Amino acid sequence: LNVSIFDQNERPSFGQTSYVFSGIAENVGLGTIVGTVVATDPDSYSATFSKKQYYFAGIYARASADGAFNVSSVSSDGKFIIDVNTGQITIRESLNYEAQNQYTQTVYVTDNLNNATARMQSVAVQINVADVNEAPTLNALSIGINEQPANPTAIVGTFSASDPDT
(Lines give C-alpha, C1' and ligand atoms only; values in the text may rest on other atoms or scores of the structure.)
Protein backbone atom coordinates (compact mmCIF):
# COMPACT_ATOMS: atom_id res chain seq x y z
CA LEU A 1 0.00 0.00 0.00
CA ASN A 2 1.42 3.37 -1.04
CA VAL A 3 -0.27 6.52 0.32
CA SER A 4 0.56 9.90 -1.20
CA ILE A 5 -0.45 13.18 0.37
CA PHE A 6 -0.51 16.21 -1.87
CA ASP A 7 -0.28 19.77 -0.65
CA GLN A 8 -3.34 21.96 -1.21
CA ASN A 9 -3.08 25.70 -1.52
CA GLU A 10 -4.86 27.37 1.41
CA ARG A 11 -6.13 30.94 1.27
CA PRO A 12 -4.00 33.65 2.94
CA SER A 13 -5.87 35.70 5.51
CA PHE A 14 -5.64 39.08 7.18
CA GLY A 15 -5.25 39.21 10.95
CA GLN A 16 -8.30 41.43 11.31
CA THR A 17 -11.60 42.03 9.56
CA SER A 18 -10.77 45.63 8.57
CA TYR A 19 -8.06 48.24 9.01
CA VAL A 20 -8.48 51.86 10.10
CA PHE A 21 -5.58 54.29 9.77
CA SER A 22 -6.34 57.64 11.44
CA GLY A 23 -4.55 60.91 12.06
CA ILE A 24 -2.96 61.24 8.62
CA ALA A 25 -2.40 65.01 8.42
CA GLU A 26 -3.62 66.58 5.19
CA ASN A 27 -0.27 68.30 4.62
CA VAL A 28 2.03 65.25 4.83
CA GLY A 29 4.49 64.72 2.01
CA LEU A 30 4.19 62.26 -0.82
CA GLY A 31 5.62 58.89 0.17
CA THR A 32 4.50 59.24 3.80
CA ILE A 33 3.55 55.89 5.31
CA VAL A 34 -0.16 55.55 6.11
CA GLY A 35 0.03 52.04 7.57
CA THR A 36 0.64 48.41 6.74
CA VAL A 37 -1.80 45.56 6.17
CA VAL A 38 -0.55 42.12 7.17
CA ALA A 39 -1.73 38.69 6.10
CA THR A 40 -0.54 35.21 6.95
CA ASP A 41 -0.57 32.12 4.80
CA PRO A 42 -0.84 28.58 6.19
CA ASP A 43 1.38 27.52 3.27
CA SER A 44 4.34 29.57 4.54
CA TYR A 45 6.53 26.44 4.35
CA SER A 46 5.81 26.02 0.61
CA ALA A 47 7.79 27.95 -1.99
CA THR A 48 5.03 27.22 -4.50
CA PHE A 49 2.11 28.66 -2.52
CA SER A 50 3.58 31.01 0.08
CA LYS A 51 4.52 34.19 -1.81
CA LYS A 52 2.05 36.83 -0.65
CA GLN A 53 1.35 39.94 -2.71
CA TYR A 54 -0.86 42.90 -1.78
CA TYR A 55 -2.97 44.97 -4.17
CA PHE A 56 -5.74 47.54 -4.17
CA ALA A 57 -8.90 46.72 -6.05
CA GLY A 58 -8.09 48.03 -9.50
CA ILE A 59 -8.15 47.70 -13.25
CA TYR A 60 -5.92 44.69 -13.95
CA ALA A 61 -7.97 41.50 -14.21
CA ARG A 62 -6.70 38.40 -12.44
CA ALA A 63 -8.09 34.89 -12.16
CA SER A 64 -7.73 32.72 -9.11
CA ALA A 65 -9.14 29.59 -7.54
CA ASP A 66 -11.40 32.01 -5.64
CA GLY A 67 -12.75 33.70 -8.78
CA ALA A 68 -11.82 36.65 -10.96
CA PHE A 69 -10.89 40.01 -9.47
CA ASN A 70 -9.15 43.21 -10.56
CA VAL A 71 -6.03 44.58 -8.90
CA SER A 72 -3.56 47.47 -9.00
CA SER A 73 -0.71 48.72 -6.82
CA VAL A 74 -2.33 52.19 -7.03
CA SER A 75 -5.67 52.92 -5.34
CA SER A 76 -8.62 53.57 -7.63
CA ASP A 77 -8.57 57.31 -6.79
CA GLY A 78 -4.80 57.55 -7.29
CA LYS A 79 -4.17 58.87 -3.77
CA PHE A 80 -2.33 55.84 -2.36
CA ILE A 81 0.12 53.17 -3.44
CA ILE A 82 0.69 49.78 -1.81
CA ASP A 83 3.99 47.91 -1.73
CA VAL A 84 2.99 44.58 -3.30
CA ASN A 85 5.53 42.65 -1.21
CA THR A 86 5.07 44.24 2.24
CA GLY A 87 1.50 45.63 2.31
CA GLN A 88 2.78 49.08 3.27
CA ILE A 89 0.45 51.87 2.09
CA THR A 90 1.93 55.30 1.31
CA ILE A 91 0.68 58.67 0.04
CA ARG A 92 0.91 59.00 -3.77
CA GLU A 93 -1.02 62.28 -4.30
CA SER A 94 -1.67 65.25 -2.02
CA LEU A 95 -4.50 65.01 0.49
CA ASN A 96 -6.94 67.81 1.33
CA TYR A 97 -9.17 67.41 4.38
CA GLU A 98 -11.65 70.02 3.13
CA ALA A 99 -12.13 68.13 -0.16
CA GLN A 100 -12.26 64.60 1.32
CA ASN A 101 -11.47 63.51 4.85
CA GLN A 102 -12.02 59.76 4.57
CA TYR A 103 -11.04 57.14 2.02
CA THR A 104 -12.19 53.52 1.91
CA GLN A 105 -10.25 51.04 -0.20
CA THR A 106 -10.35 47.29 -0.75
CA VAL A 107 -7.02 45.51 -0.43
CA TYR A 108 -6.40 41.98 -1.72
CA VAL A 109 -3.72 39.58 -0.62
CA THR A 110 -2.90 36.80 -3.04
CA ASP A 111 -0.50 33.92 -3.20
CA ASN A 112 1.02 32.74 -6.44
CA LEU A 113 -0.83 35.54 -8.29
CA ASN A 114 -0.24 34.49 -11.88
CA ASN A 115 -1.36 30.93 -11.37
CA ALA A 116 -4.87 29.48 -11.68
CA THR A 117 -4.41 27.85 -8.26
CA ALA A 118 -3.80 31.20 -6.59
CA ARG A 119 -5.90 31.99 -3.55
CA MET A 120 -6.93 35.46 -2.40
CA GLN A 121 -8.61 37.30 0.44
CA SER A 122 -9.79 40.90 0.68
CA VAL A 123 -10.10 43.41 3.51
CA ALA A 124 -11.55 46.93 3.83
CA VAL A 125 -9.08 49.70 4.62
CA GLN A 126 -10.30 53.07 5.90
CA ILE A 127 -7.93 56.04 5.88
CA ASN A 128 -8.96 59.08 7.95
CA VAL A 129 -7.35 62.40 7.08
CA ALA A 130 -6.73 64.91 9.89
CA ASP A 131 -7.38 68.62 9.41
CA VAL A 132 -4.45 71.03 9.63
CA ASN A 133 -4.98 74.73 10.30
CA GLU A 134 -3.94 76.48 7.11
CA ALA A 135 -3.09 80.18 7.14
CA PRO A 136 -5.69 82.52 5.66
CA THR A 137 -4.70 84.54 2.61
CA LEU A 138 -5.25 88.25 2.05
CA ASN A 139 -6.75 88.93 -1.35
CA ALA A 140 -4.96 91.57 -3.41
CA LEU A 141 -6.50 95.02 -3.62
CA SER A 142 -5.36 97.90 -5.74
CA ILE A 143 -6.76 101.37 -5.12
CA GLY A 144 -5.94 104.87 -6.29
CA ILE A 145 -6.40 107.90 -4.03
CA ASN A 146 -6.26 111.56 -4.98
CA GLU A 147 -3.66 113.59 -3.17
CA GLN A 148 -6.37 115.89 -1.84
CA PRO A 149 -9.60 113.86 -1.71
CA ALA A 150 -12.92 115.69 -1.43
CA ASN A 151 -13.84 113.57 1.60
CA PRO A 152 -10.71 112.58 3.53
CA THR A 153 -12.68 110.12 5.73
CA ALA A 154 -14.37 108.24 2.88
CA ILE A 155 -13.83 104.49 2.52
CA VAL A 156 -11.78 103.91 -0.62
CA GLY A 157 -11.52 100.14 -0.58
CA THR A 158 -12.11 96.97 1.40
CA PHE A 159 -9.62 94.19 1.98
CA SER A 160 -10.87 90.62 2.04
CA ALA A 161 -9.30 87.39 3.17
CA SER A 162 -10.07 83.75 2.59
CA ASP A 163 -9.42 80.73 4.79
CA PRO A 164 -9.08 77.29 3.19
CA ASP A 165 -10.40 75.74 6.42
CA THR A 166 -13.88 77.22 6.03
Side-chain angles (χ1 to χ4, degrees), residues 4-137 161-166:
S4 297
I5 299 175
F6 298 100
D7 189 18
Q8 292 289 323
N9 186 14
E10 283 84 27
R11 176 182 291 125
S13 62
F14 289 97
Q16 51 199 74
T17 57
S18 65
Y19 287 84
V20 177
F21 301 114
S22 294
I24 311 304
E26 66 179 321
N27 64 346
V28 297
L30 304 183
T32 297
I33 297 169
V34 170
T36 302
V37 295
V38 178
T40 57
D41 191 333
D43 296 310
S44 60
Y45 61 87
S46 167
T48 304
F49 299 130
S50 66
K51 181 168 176 54
K52 294 185 301 288
Q53 293 182 310
Y54 300 90
Y55 295 93
F56 286 113
I59 59 171
Y60 302 106
R62 295 289 187 250
S64 77
D66 297 314
F69 60 106
N70 295 332
V71 297
S72 176
S73 60
V74 177
S75 62
S76 58
D77 57 15
K79 295 289 187 181
F80 308 97
I81 192 164
I82 192 166
D83 184 304
V84 297
N85 296 309
T86 66
Q88 185 176 74
I89 298 170
T90 55
I91 305 291
R92 182 175 175 268
E93 290 183 359
S94 297
L95 304 176
N96 181 349
Y97 177 88
E98 289 74 30
Q100 185 170 353
N101 59 22
Q102 185 178 86
Y103 297 85
T104 301
Q105 301 290 332
T106 299
V107 171
Y108 289 104
V109 62
T110 68
D111 61 7
N112 212 9
L113 181 63
N114 293 315
N115 184 311
T117 63
R119 301 300 304 264
M120 65 90 176
Q121 184 66 268
S122 65
V123 70
V125 175
Q126 181 178 308
I127 300 166
N128 298 320
V129 180
D131 194 15
V132 173
N133 188 16
E134 289 118 346
T137 56
S162 60
D163 188 343
D165 291 319
T166 57

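The model shown is predicted, which means the values in this text are computed figures rather than measured ones.
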Heavy atoms, side chains only, cut-off 4.5 Å: are [X] and [Y] in contact?
X      : Y      : value
Arg11  : Met120 : no
Phe56  : Tyr108 : no
Asn128 : Asn101 : no
Lys79  : Leu95  : yes
Glu98  : Asp131 : yes
Thr40  : Ser13  : yes
Ile24  : Ile127 : yes
Val107 : Ile82  : yes

Exercise. Should the pair Tyr103 and Phe80 be assigned to parallel (<30°), tilted (30 to 60°) or perpendicular (>60°) ring geometry?
Worked result: perpendicular
Exercise. Ser73 and Val84: which non-hydrogen atoms are nearest, and at how many Å?
Worked result: CB-CG1, 4.0 Å
Problem set entry | Minimal non-hydrogen separation, Ser122 against Thr106, with atom names | CB-CG2, 3.9 Å
How long is the straight-line distance from [atom2] of [Y] back to [atom1] of [X], given to the nearest 0.5 Å?
X     : Y     : atom1 : atom2 : result
Thr36 : Gln88 : OG1   : CD    : 4.5 Å
Asp83 : Ile33 : CG    : CD1   : 10.0 Å
Glu93 : Ile81 : CD    : CD1   : 10.5 Å

Exercise. Taking atom types as modelled and ignoring hydrogens, do the side chains of Gln53 and Asp111 form a donor-acceptor contact shorter than 3.5 angstrom?
Worked result: no
Problem set entry | Val34 and its side chain to side chain contact (heavy atoms under 4.5 Å, CB included) partner, picked from Thr90, Ile91, Val129 | Ile91
So, [X] side chain and [Y] main chain: donor-acceptor pair closer than 3.5 Å or not?
X     : Y      : answer
Glu26 : Tyr97  : yes
Tyr55 : Thr110 : no
Tyr19 : Gly35  : no

Problem set entry | Intermediate values then yes/no, side chain to side chain donor-acceptor pair (under 3.5 Å), Gln105 and Asp77 | CA-CA 9 Å; Gln105 301 290 332; Asp77 57 15; 3.3 Å; yes
Exercise. Around atom CG of Leu30, are there more than 12 heavy atoms of other residues, nucleotides or ligands at under 6.0 Å?
Worked result: yes
For this session: Under the side chain to side chain contact (heavy atoms under 4.5 Å, CB included) rule, what do Val38 and Phe14 come out as? Steps first, then yes or no, please.
Result: CA-CA 6 Å; Val38 178; Phe14 289 97; over 6 Å; no
For this session: Check step by step if side chain to side chain contact (heavy atoms under 4.5 Å, CB included) holds for Thr17 and Val123.
Result: CA-CA 6 Å; Thr17 57; Val123 70; 5.9 Å; no
